J.: 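Here it is: the structure, laid out below.
Below, chains carry the letters A, B, ... as their sequence lines are ordered, and counting in each starts from 1. All figures in this text were calculated on a predicted structure; none of them were measured in a lab.
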2 protein chains.
Amino acid sequence: MNDRITLQQIGEMAGVSSATVSRVLNNHPHVSGEVRGRVQEVMDRTGYRPNPAARTLAGQKSNILSLVIPETAQILFTDPYFAHLAQGMAQACQVHDYALSLFIFHAAEDEAKIAQTLLSRQIFDGAILTATQIGDPLVSQLADNGVPFVLVGQHEDARVSFVDADNVAGAYTAVSHLIHLGYERIGAIIGPQSNLAALHRYEGYTKALRDWGRPLDERLVAQGEFLETGGYAAMRRLLAQRPQAIFAASDAMAIGALRAVQDAGLAVPDDVALIGYDDLPHARMVKPQLTTVRQPIRAAGIRAVETLMDILRSGLHPARRIVLPTELVVRDTCGARRLMGGGISN
Amino acid sequence: MNDRITLQQIGEMAGVSSATVSRVLNNHPHVSGEVRGRVQEVMDRTGYRPNPAARTLAGQKSNILSLVIPETAQILFTDPYFAHLAQGMAQACQVHDYALSLFIFHAAEDEAKIAQTLLSRQIFDGAILTATQIGDPLVSQLADNGVPFVLVGQHEDARVSFVDADNVAGAYTAVSHLIHLGYERIGAIIGPQSNLAALHRYEGYTKALRDWGRPLDERLVAQGEFLETGGYAAMRRLLAQRPQAIFAASDAMAIGALRAVQDAGLAVPDDVALIGYDDLPHARMVKPQLTTVRQPIRAAGIRAVETLMDILRSGLHPARRIVLPTELVVRDTCGARRLMGGGISN
DNA sequence: ATGAAAGCGCTAACAT
DNA sequence: ATGTTAGCGCTTTCAT
């Protein structure tokens with residue numbers, strides 16, 4: 001970039017050494033008010049901007065933190081997950097005087113190269129990873145390389161700190177809700193089980209059935225991609241089994257399922273009740289409005305940054321694992337309002 | 001970060017100077033195959049990773065490019081604009097061996113500080129700005145500071161290069177379409193006119209009316225926020241004027257308008273035809289499906305990066321201004337299919 | 001309270 | 001083809 005003027009020059013102009021200028025730049029004590037003012041004045045007048053690369057090299061610290069995400073169309077397009085996460089992170093970074101860097105990698109790339117590229121190209125003190133797959137090699141590669149990082153999502157490796165929403169509990173609550181509403185044949189549309197969140201949501205589903213003494217009927221479970229089309233196809237298959245209610249592992253899938261039900265000439269929630277997951281903006285825009293599970297993604301971003309800051313500050317201390325609570329958002333597709341003589345608007 | 005081993009050390013281990021190691025690292029010619037192999041072997045074996053800050057400082061080039069966006073809930077949440085843009089940029093960066101950095105700033109901050117923070121914290125060779133407001137001081141500040149950057153969107157400053165979608169033409173085409181369909185009283189729901197895109201879309205609307213000899217009736221024009229609620233409120237006001245068709249400056253607004261029409265007991269497109277703008281995923285999920293204008297956002301991201309690369313390579317040459325064509329996506333809300341005896345699915 | 005000086009890890013002339 | 005040598009612009013001891 002176009003940095004011209006240096007610390008040296010500021011020093012010369014102010015009649016002090018560069019060390020002193022560095023001190024005022026970094027708000028060190030032991031600088032007389034008189035000198036501090038003079039130096040500050042020169043910096044302001046000249047529009048001096050320190051060279052961040054030089055600071056990083058000399059100080060061994062960049063004050064930059066990297067958000068690492070795979071370029072999966074799903075995450076980036078389908079839902080505002082990433083946007084919320086980035087916002088939370090940006091907010092927390094602000095507080096800690098950190099800048100945020102983005103590293104989007106193409107999952108198609110040679111997996112061994114990704115960590116390499118990240119480490120030799122990007123400048124950062126620590127990273128936050130998200131949307132990783134189960135057993136993603138990137139995670140262990142970074143851990144092996146001693147890179148400080150936090151995962152948003154979960155990982156079995158005991159070395160890794162993570163922040164995650166409680167997917168098991170979220171699904172559990174949703175399915176319990178359906179059970180309490182009196183539905184008997186409760187099915188599920190589940191996501192790819194290579195995804196840990198998908199796995200956990202399925203776990204919540206089976207756990208709720210078990211706890212409330214309902215049988216798990218595999219014929220009422222259909223798997224699909226985390227997309228509307230996946231939900232549509234899964235629902236078409238399930239319809240033959242005459243389910244009374246469906247728990248879908250994402251709102252996108254739930255909306256697809258909704259459409260499939262309606263296309264079959266049936267009504268939601270009267271013929272089939274439905275609960276989704278994510279609380280996308282979308283969820284309240286379909287008719288009937290989607291009952292769903294809301295995750296604190298923004299908060300997850302904040303907590304991830306806080307955790308990373310602690311790691312950077314205090315070194316390797318035992319990994320921290322944060323699991324954030326979710327919230328059931330009751331709208332129209334689960335039938336609760338109808339049953340309660342509803343009409344209450346959200 | 002945790003970089004331990006240095007170029008020097010690699011050199012010692014391979015029995016060559018650090019300069020030679022640097023040459024093989026950067027694929028310079030004039031290194032014998034024998035030495036190159038030996039050095040490469042040591043780098044691989046030790047898992048050597050160059051220190052990017054040192055490279056940046058010494059080479060005066062970071063190979064990092066910064067995407068600068070205001071933290072406006074609108075952009076980040078409402079639509080996938082940012083995600084598409086980032087994807088396009090990431091793809092182009094990949095090609096040019098650049099990494100991508102994100103700088104989210106809070107519009108609430110002291111405006112004078114933003115450029116300062118960006119320049120002293122982030123490491124980058126050039127920047128891409130988007131979602132700037134008309135007369136945004138950040139733009140001129142960067143230009144004044146000699147920072148190489150490209151705007152996605154437009155700007156009057158002759159120094160700035162930009163890539164934009166042709167908002168005037170997009171709106172013009174949409175409104176012309178409504179005119180050709182035979183509608184007479186064609187209204188518009190327009191966005192905040194501090195936003196250049198909103199301004200251009202309004203311009204396209206008035207231009208189409210003028211070109212086809214229709215009067216501009218101000219009572220048929222309502223302004224609102226670029227959100228569903230803004231569209232809803234605007235449509236409620238317009239309904240009193242009995243418009244036959246409405247051009248809405250965004251899909252979010254169009255969907256709000258759709259809802260307002262339906263809530264008034266009227267039908268789209270039979271009572272009021274509707275065209276939106278953006279082609280959000282949403283547009284095809286409402287019923288009836290939204291006719292809208294699609295913008296090549298991903299392509300804009302790519303072109304912006306290409307332009308920035310040219311600026312970095314060849315210096316200041318006259319600013320480049322790229323205006324990308326848009327595309328009318330005809331679905332159900334404009335009534336074209338109905339008029340043509342439709343039923344064709346998109 | 002301030003200055004001098006030694007790096008931080010790399011690149012890029014300039015030699016040879 | 002390879003080595004030597006200055007820096008790049010800053011931070012940080014260590015003196016004073």
J.: Between atom NE2 in B:His28 and atom P in D:dT2, what is the gap in whole Å?
T.: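 About 15 Å, once rounded to whole Å.
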J.: If you count every heavy atom of other residues, nucleotides or ligands that lies below 6.0 Å from B:Arg121 atom CZ, does the total exceed 12?
T.: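 More than 12 within 6.0 Å, yes.
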J.: Checking all strands, does A:Ser22 fall into the base, sugar-phosphate, or nothing category for heavy-atom contacts under 4.0 angstrom?
T.: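 Base contact.
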J.: Find which nucleotide of DNA chain C each of A:Gly59 and A:Val35 is nearest to by heavy atoms, and output the residue with the more 5' nucleotide.
T.: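 Its nearest nucleotide being more 5', the pick is A:Val35.
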J.: Please report, rounded to the nearest Å, how far the C1' atom of D:dT13 is from the CD atom of A:Gln60.
T.: 15 Å
J.: Would you state whether a donor and an acceptor, one from the side chain of A:Arg23 and one from the base of C:dG3, lie under 3.5 Å apart?
T.: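 Answer yes: a donor N or O sits under 3.5 Å from an acceptor.
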J.: Measuring from B:Arg45:CZ to B:Ile10:CD1, what's the distance to the nearest 0.5 Å?
T.: 8.0 Å
J.: From CG of A:Asn63 over to C1' of D:dC10, roughly how many Å is that when rounded to an integer?
T.: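 These atoms are roughly 14 Å apart.
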J.: Is the distance from OP1 or OP2 of C:dT11 to the nearest side-chain N or O of B:Asn26 less than 4.0 Å?
T.: yes
J.: Would you say A:Thr20 places a side-chain N or O within less than 4.0 Å of OP1 or OP2 belonging to C:dA1?
T.: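 Negative; the distance criterion is not met.
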J.: Choosing from C:dG9, C:dT11, D:dT2, which nucleotide comes nearest the side chain of B:Ala54?
T.: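 In terms of side-chain proximity for B:Ala54, the closest of C:dG9, C:dT11, D:dT2 is C:dG9.
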J.: Select from B:Gly15 and B:Ala58 the residue whose nearest nucleotide in DNA chain D is closer to the 5' end of that strand.
T.: B:Gly15
J.: Figure out the CG/C1' separation between A:Asn51 and C:dC10, and round it to whole Å.
T.: 14 Å
J.: Quickly work out the A:Leu7 CG to C:dG3 P distance and round it to whole Å.
T.: 13 Å
J.: What distance separates A:Phe105 CZ from A:Leu138 CG, expressed to the nearest 0.5 Å?
T.: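 Between A:Phe105 CZ and A:Leu138 CG, I get 5.0 Å after rounding to 0.5 Å.
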J.: Has B:Ser17 got a side-chain N or O lying under 4.0 Å from the OP1 or OP2 atom of D:dG3?
T.: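 Checking B:Ser17 against D:dG3: at least one side-chain N or O falls below 4.0 Å of OP1 or OP2.
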J.: How long is the line joining CD1 of A:Ile10 and P of D:dC10, in whole Å?
T.: 9 Å
J.: Could you please spell out the steps behind the side-chain contact (heavy atoms from CB on, under 4.5 Å) verdict for A:Tyr81 and A:Thr130?
T.: CA-CA 10 Å; A:Tyr81 173 91; A:Thr130 191; 2.9 Å; yes
J.: Provide, to the nearest angstrom, the distance between the CZ atom belonging to A:Arg55 and the C1' atom belonging to C:dG9.
T.: 19 Å
J.: Please determine if a side-chain N or O atom of B:Tyr48 lies less than 4.0 Å away from the OP1 or OP2 oxygen of C:dC10.
T.: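 Indeed, a polar side-chain atom of B:Tyr48 lies that close.
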J.: Separation of B:Glu12 atom CD from D:dG3 atom P, in whole Å?
T.: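 Going from B:Glu12 (CD) to D:dG3 (P), I get 12 Å.
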J.: Quick one: CE on A:Met43 to CE on A:Met13, what's the gap to the nearest 0.5 Å?
T.: 12.0 Å
J.: Quick check: on DNA chain D, is the nucleotide nearest A:Ala19 upstream (toward 5') of the one nearest A:Leu57, or the reverse? Name the residue that is more 5'.
T.: A:Leu57
